[in-house]
Amino acid sequence: MAAALGHTQSLHTNALDEALALPTDFSARIARNTQIYLQEETDICKAVDPWAGSYYVESLTNEIAHKAWGHIMEIERLGGMAKAIELGIPKMRIEEAAAKTQAKIDSGVQTIVGTNKYRPESEETLETLEVDNTAVRDSQVKRLEILHRDRNEADCQSALDAITECVKSGKGNLLDLAVEAAAKRASLGEISYACEKIVGRYIAVVHTISGVYSSEYKPDEEYNEAKALVARFAEKEGRQPRIMIAKMGQDGHDRGAKVVSTGYADIGFDVDIGPLFQTPEEAARQAVENDVHVLGVSSLAAGHKTLVPQVISELKRLGREDILVIAGGVIPPHDYQFLYDAGVAAIFGPGTSVSKAARQILEILLHSFE
Ligand code: B12
């Protein structure tokens, strides 16, 4: 309702199981009907600007416009958006804002009803949609096989070659050629690979920001205890606890990974962040090379049941099964036991306080010394 009254151009209401899994038909229907209810029973879409003239709302609009202008000017000063992206500035600003918000939520300065306040003593499990990862993969592979079999291979290859040539020479309309290749039944992977042959794959620069989480956190017992446990660990081990946060598979959701990285760094961990889209082999190798104590997998795209057991067996193969593997992100509760059985030491879903999780991780680490 706030969005509609505030002139949003597009919105959707999220399903009630949004942070657990893809929606079920039931949760999707409630979400959709909430929108229809607002639209058809309250008539909010009929007034063009119902809050026009409200001094308070107008002053907020003015404030947000000026703040947005500040960002636009920062980008202009850097030489435009392409330059700003190369320098990682827009992503860094988003990550700073996310870390600040997380700190406010974790320390209770910002209330999220049901998450950091008014929580039930025990939570009922909600039925969530189960997707069979392996079956989805198999069916996609089969579809690709049919695509390859039924297309005119020579036509398709020459459309892909035209893309490669365009990238090489810088002449021609790349989008037009991509559409042409798709019409000749080239897959998305083949179309991007036709470019990759010349320009390689873009690797985002990973910046770690520090001090942001702690600057917004109103210190409490939880935070102080986590810091004290870090000191105890460092005394025993002779170095700070070292954690690598990994993003594996086709999962671009890196906000949570960045937020927890910032939080742990501020609490006193040495933090390594793996690049996006690592394979389990790459993640395990990086963890071993960096000699971490903990490998923290952040998984939001439902790959956990495949990727996490793979990374654990890869660590074993490398002789480092002592590295503690933990997981976080959107993992449906009914998959927790599967991951524990695979060797995961702890799982932290949406709504987890960073300092609370840090404390739990440190307790497990210290326990392993005893
Ligand atoms: C923001 C968001 C996006 C952004 C991501 C921006 C970015 N750079 O991260 C955008 C818009 C790009 C996006 C895209 C998509 N998304 Co999305 N997205 C979300 C959303 C709404 C919030 C995620 C988030 O940032 N939360 C805030 C952070 C701080 O929380 P968090 O990651 O959960 O982390 C906390 C804990 O989980 C834990 N934690 C997390 N990692 C770790 C690691 C360790 C070691 C530890 C200790 C703790 C920990 O601690 C954190 C602090 O509490 C979720 C739904 C949701 N509400 O969770 C869907 C969601 C993850 N997305 C989903 C989907 C389907 C997609 C798309 C496929 C949509 C599409 N069809 O295109 C694409 C895929 C993109 C890709 N390539 O992967 C689904 C995934 C379904 C599933 N898992 O079965 C979700 C669950 C929504 C839903 N219910 O349908 N998405």
Side-chain angles (χ1 to χ4, degrees), residues 12-24 27-28 31 88 90-107 112 115-116 126 128-133 136 188 204 206 213 226 241-265 267 269 271-274 276-277 283 287 292-308 311 323-336 339 344-362 364-365:
H12 72 269
T13 43
N14 294 341
L16 57 92
D17 48 5
E18 155 86 12
L20 296 173
L22 287 172
T24 57
S27 66
K91 233 172 149 16
M92 194 161 77
R93 294 283 173 265
I94 293 171
E95 282 155 21
E96 280 169 0
K100 282 183 186 169
T101 304
Q102 186 72 36
K104 285 185 192 151
I105 296 167
D106 285 355
S107 54
I112 308 234
T115 296
N116 63 354
L126 195 72
T128 50
L129 187 76
E130 256 194 89
V131 178
D132 182 346
N133 216 17
V136 172
L188 183 59
V206 183
Y213 183 83
R242 191 171 188 129
I243 185 168
M244 171 182 159
I245 309 290
K247 290 289 316 176
M248 296 184 290
Q250 295 300 308
D251 180 2
H253 298 92
D254 63 350
R255 195 197 303 164
K258 295 293 178 56
V259 163
V260 296
S261 300
T262 307
Y264 292 146
I267 289 167
F269 280 79
V271 181
D272 297 310
I273 311 179
L276 280 176
F277 313 127
V292 300
H293 300 101
V294 188
L295 174 59
V297 177
S298 181
S299 172
L300 283 91
H304 50 275
K305 280 171 87 175
T306 318
L307 301 165
V308 175
V311 85
I323 293 177
L324 194 75
V325 176
I326 57 167
V330 176
I331 299 176
H334 57 74
D335 286 349
Y336 278 27
L339 294 183
V344 171
I347 305 169
F348 304 98
T352 311
S353 142
V354 173
S355 42
K356 203 182 205 162
R359 218 185 62 183
Q360 200 176 325
I361 297 164
L362 287 157
I364 302 173
L365 272 181

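In listed order, ligands and their atoms are each counted from 1. The first residue of the sequence shown is numbered 1, and numbering continues consecutively from there.
Residue contact check for ligand 1: Ala357 places no non-hydrogen atom closer than 4.0 Å to it. Within the structure, the closest approach of Ala98 to ligand 1 does not fall below 4.0 Å when heavy atoms are considered.
There is a protein heavy atom less than 4.0 angstrom from atom 40 (C) of ligand 1. Atom 22 (C) of ligand 1 lies below 4.0 Å from none of the non-hydrogen atoms of the protein. For atom 72 (O) of ligand 1, no protein non-hydrogen atom is found at a distance below 4.0 Å. Atom 5 (C) of ligand 1 lies below 4.0 Å from at least one non-hydrogen atom of the protein. Note that atom 86 (C) of ligand 1 has protein non-hydrogen atoms nearby, at separations under 4.0 angstrom. There is no protein heavy atom closer than 4.0 angstrom to atom 69 (C) of ligand 1. Shown here, atom 11 (C) of ligand 1 is out of close reach of the protein: none of its heavy atoms lies under 4.0 Å off.
A distance-only check finds no donor-acceptor pair linking the side chain of Asp335 to the backbone of Ile331 [under 3.5 Å]. Not a single donor-acceptor pair under 3.5 Å links the side chain of Asp251 to the backbone N or O of Ser299. Put simply, the side chain of Lys247 gets close to the backbone of His253: a donor and an acceptor are under 3.5 Å apart. With hydrogens and angles disregarded, a donor-acceptor distance shorter than 3.5 Å links the side chain of His293 to the backbone of Arg242. With Thr262 contributing its side chain and Lys258 its backbone, the two residues share a donor-acceptor pair below 3.5 Å.
Near Leu22, meaning under 4.0 Å from any of its heavy atoms, are these atoms of ligand 1: 65 (C), 81 (C), 84 (O), 90 (O). For ligand 1 and Pro350, the ligand atoms under 4.0 Å from any heavy atom of the residue are 33 (O), 36 (C), 37 (O). Taking every non-hydrogen atom of Tyr264 and a distance limit under 4.0 Å, the qualifying atoms of ligand 1 come out as 47 (C). Using a 4.0 Å cut-off to heavy atoms of Gly329, the atoms of ligand 1 that qualify are 37 (O), 39 (N), 40 (C), 41 (N). Near Ile326, meaning under 4.0 Å from any of its heavy atoms, are these atoms of ligand 1: 45 (C), 47 (C).
No side-chain donor from either of Asp17 and Thr128 sits under 3.5 Å from a side-chain acceptor of the other.
Here atom 77 (N) of ligand 1 lies nearest to Gly252 when heavy atoms of Ala257, Gly252, Gly256, Ser298 are compared. Remark: among candidates Ala99, Ala28, Gly349, the nearest residue to atom 36 (C) of ligand 1 is Gly349, based on non-hydrogen atoms. Looking at Ala358, Gly328, Gly263 and measuring to atom 42 (C) of ligand 1, the nearest heavy atom belongs to Gly328.
Of the N or O atoms in Ala21, one or more lie within a sub-3.5 Å distance of an N or O in ligand 1. Polar contact check, Ile361 against ligand 1: no nitrogen or oxygen pair lies under 3.5 Å apart. For the pair Ser353 and ligand 1, the shortest N or O to N or O distance does not fall below 3.5 Å. Among the atoms of Thr352, some N or O lies under 3.5 angstrom from an N or O of ligand 1. Not a single N or O atom of Val354, backbone or side chain, sits closer than 3.5 Å to an N or O atom of ligand 1. Note: no N/O pair closer than 3.5 Å links Asp17 and ligand 1 by distance alone.
With respect to atom 45 (C) of ligand 1, the closest heavy atom belonging to the protein is Gly296 CA, 3.4 Å. Nearest protein heavy-atom contact of atom 80 (C) of ligand 1 is Leu300 O, 3.3 Å. Closest to atom 54 (C) of ligand 1 among all protein heavy atoms lies Glu18 OE2, 3.7 Å. From the protein, the heavy atom lying nearest to atom 26 (N) of ligand 1 is Arg255 NH1, 4.3 Å. With hydrogens left out, the protein atom closest to atom 38 (C) of ligand 1 is Phe348 O, 3.4 Å, a heavy atom. In terms of protein heavy-atom proximity, atom 58 (O) of ligand 1 is nearest to Val330 CG2, 3.6 Å. Of all protein heavy atoms, the one lying nearest to atom 60 (C) of ligand 1 is His253 NE2, 3.7 Å. Ranking protein heavy atoms by distance to atom 8 (N) of ligand 1, first place goes to Asp254 OD1, 2.7 Å.
Rounded to the nearest 0.5 angstrom, Gln250 CD and Leu276 CG are separated by 10.0 Å. To the nearest 0.5 angstrom, Ser261 atom OG is 8.0 Å from Ile243 atom CD1. Taking CG of Leu126 as the reference point, atom CG of Leu16 lies at 6.0 Å (rounded to 0.5 Å). Note: Leu295 CG to Met248 CE = 6.5 Å, rounded to the nearest 0.5 Å. To the nearest 0.5 Å, the span separating NE2 on His304 from OH on Tyr336 amounts to 9.0 Å. Annotation: the span from Leu324 atom CG to Ile364 atom CD1 amounts to 5.5 Å, rounded to 0.5 Å.
Under 4.0 angstrom from ligand 1, there are no non-hydrogen atoms of Ile94. Counting heavy atoms closer than 4.0 Å to ligand 1, residue Val260 contributes side-chain atoms (C-beta onward) but none from N, CA, C or O. Neither the backbone nor the side chain of Phe277 has any atom closer than 4.0 Å to an atom of ligand 1 (non-hydrogen atoms only).
The side-chain heavy atoms of Val131 and Asn133, taken from C-beta on, include no pair separated by under 4.5 Å. Inter-residue side-chain proximity for Arg255 and Glu95 is flagged as unmet; no heavy-atom pair is nearer than 4.5 Å. At least one side-chain heavy atom of Ser355 sits less than 4.5 Å from a side-chain heavy atom of Ile267. Side-chain contact between Leu307 and Val297: absent, with no pair of heavy atoms (C-beta onward) separated by less than 4.5 Å.
A ring-ring contact (aromatic ring centres under 6.0 Å, His included) with Tyr264 is found for exactly one of Tyr213, Phe269, Phe348, namely Phe269.
With respect to the salt-bridge test (charged N to carboxylate O, under 4.0 angstrom), the residues Lys356 and Asp106 do not qualify. Taking 4.0 Å as the cut-off between side-chain N and carboxylate O, Lys100 and Glu96 do not count as a salt-bridged pair.
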